[in-house]
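Just so it is clear: chains get the letters A, B, ... in the order the sequence lines come, proteins before strands, and each one is counted from 1. Because only heavy atoms are used, hydrogens play no part in the values below, and waters and symmetry mates are left out as well, while side chains stay in. The structure displayed is predicted, hence computed values, not measured ones.
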Amino acid sequence: MSIDPQTLLDWFDANARDLPWRHADCTPWGVLVSEIMLQQTPVARVLPVWRQWMERWPKPADLAAASQGEVLRAWGKLGYPRRALRLHTAANTIVAEHGGEVPADVDTLLSLPGIGAYTARAVAAFAYGRRAPVVDTNVRRVVARAVHGAAEAGPPSTKRDLDDVEALLPDGPDEARAARFSAALMELGALVCIARKPRCDDCPLFADCAWQKAGRPAYTGPTRPTQRYSGTDRHVRGLLLDVLRGTTGPVEKAQLDLAWPKAGQRDACLASLLSDGLVEQTADGRFALPGEH
DNA sequence: TATTCGTGGTG
DNA sequence: TCACCAAGAAT
């Protein structure tokens with residue numbers, strides 16, 4: 001079972017969202033920034049932060065010149081703030097080793113911090129029009145249904161997933177067409193072939209969908225235990241970081257202690273934040289975002 | 001391969 | 001209400 005490229009591309013032409021990082025005048029840097037921000041983060045929350053970010057730091061060299069604290073502050077509450085630090089480091093590497101230009105080669109992109117199998121190919125395809133299998137959670141779901149006839153994708157396996165999508169990419173000299181196909185596959189998974197209640201009535205692949213033909217069987221594979229958030233280390237780290245984001249300079253530990261009642265967990269989380277470089281301790285024992293003292 | 005790492009909207 | 005979900009990467 002396969003997917004007809006032109007059918008999907010026609011649907012994409014008519015239904016793609018008008019996102020700023022898809023505009024013709026968006027730079028590869030803008031695409032890279034968007035891809036990092038979009039990791040595990042909804043489009044609606046990324047949009048305003050991305051706009052401010054690109055206005056403030058329109059080139060890698062601009063971000064490289066900023067302090068870590070400024071970067072974390074601009075990242076705001078997008079979540080997973082280590083992404084911001086890694087993007088900052090990547091910008092420095094891009095300036096130091098790539099002439100200030102975002103690399104177009106997948107392997108070079110993979111060598112940058114915060115850029116993995118998905119993001120490297122997304123940048124190669126969406127910023128540079130390269131033919132590359134772009135596999136995210138949306139694409140895995142579309143392929144699971146339309147190609148494999150399963151309700152959900154099983155546990156991820158990078159190599160197998162890449163091979164699956166590679167086999168779907170249109171061949172020929174027009175790499176930009178293959179790149180658009182990758183974007184279209186993602187967009188279909190984001191808008192139509194969605195997780196909870198797929199909108200099969202609106203799907204351009206309905207007639208050929210393996211899952212439809214199989215009678216829409218329920219998912220039978222392994223399920224992930226639902227992860228709680230309240231009270232976890234992630235929660236506590238977020239609370240601590242939020243205190244530092246909310247103030248200009250260093251704060252006393254006593255102020256951080258207000259953020260969470262369990263001293264043991266709180267101190268362990270503060271230690272992990274220090275270890276991750278998300279927080280620094282000043283000479284007089286106070287705490288601040290990195291570079292802000 | 002399985003866990004860890006934020007945050008907030010939603011059905 | 002609360003479990004699920006949202007363009008993953010690093011270890």
Side-chain angles (χ1 to χ4, degrees), chain A residues 16-17 19-22 30-50 72 75-87 89-90 109-127 132-143 152-162 165 179 182-191 193-198 219 221-245 259-260 268-269 272-273 275-279:
Chain A
R17 288 168 292 180
L19 301 171
W21 44 83
R22 287 177 174 166
V31 174
L32 172 56
V33 171
S34 79
E35 292 300 340
I36 299 290
M37 289 183 174
L38 286 163
Q39 290 167 3
Q40 301 289 284
T41 310
V43 167
R45 203 179 314 163
V46 166
L47 276 170
V49 181
W50 183 87
L72 285 172
W75 192 258
K77 305 197 78 172
L78 277 184
Y80 296 136
R82 291 183 297 180
R83 290 183 292 169
L85 252 32
R86 289 174 183 145
L87 180 55
T89 302
L109 287 161
L110 282 171
S111 73
L112 298 172
I115 298 186
Y118 162 77
T119 303
R121 289 169 182 81
V123 171
F126 305 152
V134 178
V135 184
D136 74 331
T137 182
N138 291 308
V139 170
R140 279 169 28 77
R141 185 172 54 247
V142 172
V143 171
E152 298 176 29
S157 165
T158 302
K159 175 163 176 39
R160 179 170 51 70
D161 295 341
L162 286 173
V165 176
S182 288
L185 214 46
M186 278 184 61
E187 191 75 339
L188 189 71
L191 298 182
C193 195
I194 53 183
R196 49 232 153 71
K197 207 168 216 171
Y219 179 67
T223 67
R224 305 255 318 131
T226 166
Q227 79 262 359
R228 212 164 281 295
Y229 177 66
S230 184
T232 61
D233 286 355
R234 274 178 13 229
H235 185 186
V236 176
R237 284 165 55 105
L239 291 173
L240 293 171
L241 218 45
D242 204 36
V243 172
L244 297 178
R245 264 190 239 110
W260 190 251
C269 286
S272 76
L273 288 170
S275 169
D276 288 343
L278 288 164
V279 176

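Between B/dG6 and C/dT11, the two P atoms lie 14 Å apart (nearest whole Å). Taking atom P in both C/dC4 and B/dT3, the straight-line distance is 16 Å, to the nearest Å. Comparing B/dG11 with C/dA7, their P atoms sit 15 Å apart, to the nearest whole Å.
Scored by the salt bridge (charged side-chain N to carboxylate O under 4.0 Å, His left out) test, A/Lys197 finds no partners at all (sequence neighbours excluded). Under the rule for a salt bridge (charged side-chain N to carboxylate O under 4.0 Å, His left out), the partners of A/Arg245 that lie at least two apart in sequence or sit in another chain are A/Asp242. With sequence neighbours left out, the salt bridge (charged side-chain N to carboxylate O under 4.0 Å, His left out) criterion links A/Glu35 to no other residue. Legend: residues meeting side chain to side chain donor-acceptor pair (under 3.5 Å) with A/Gln39, ordered by chain and number and at least two apart, are A/Thr119. In this structure A/Arg86 satisfies the side chain to side chain donor-acceptor pair (under 3.5 Å) test with no other residue, sequence neighbours excluded. Looking at residues two or more places apart in sequence or on another chain, you find a side chain to side chain contact (heavy atoms under 4.5 Å, CB included) between A/Val236 and A/Leu240, A/Trp260, A/Gln265, A/Cys269. Evaluation of the salt bridge (charged side-chain N to carboxylate O under 4.0 Å, His left out) rule for A/Arg237 yields A/Asp276 as partners, not counting sequence neighbours.
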Sugar-phosphate or base contact per nucleotide [nucleotides 2-11 of chain C; S, B, -; heavy atom under 4.0 Å]: -SS-BBBSS-
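Protein chain A contacts DNA chain B from B/dT3 to B/dG8, reading 5' to 3' and using non-hydrogen atoms of the protein with a distance under 4.0 Å.
Among the atoms of the strands shown, none is found under 4.0 Å from any heavy atom of A/Pro156. Residue A/Arg160 is classed as having no contact, given no heavy-atom separation below 4.0 Å to the nucleic acid.
A salt bridge links A/Glu187 and A/Arg17; the closest N-O separation between the charged side-chain nitrogens and carboxylate oxygens is under 4.0 Å.
The residue among A/Arg234 and A/Ser157 whose nearest nucleotide of DNA chain B is located toward the 5' end is A/Ser157.
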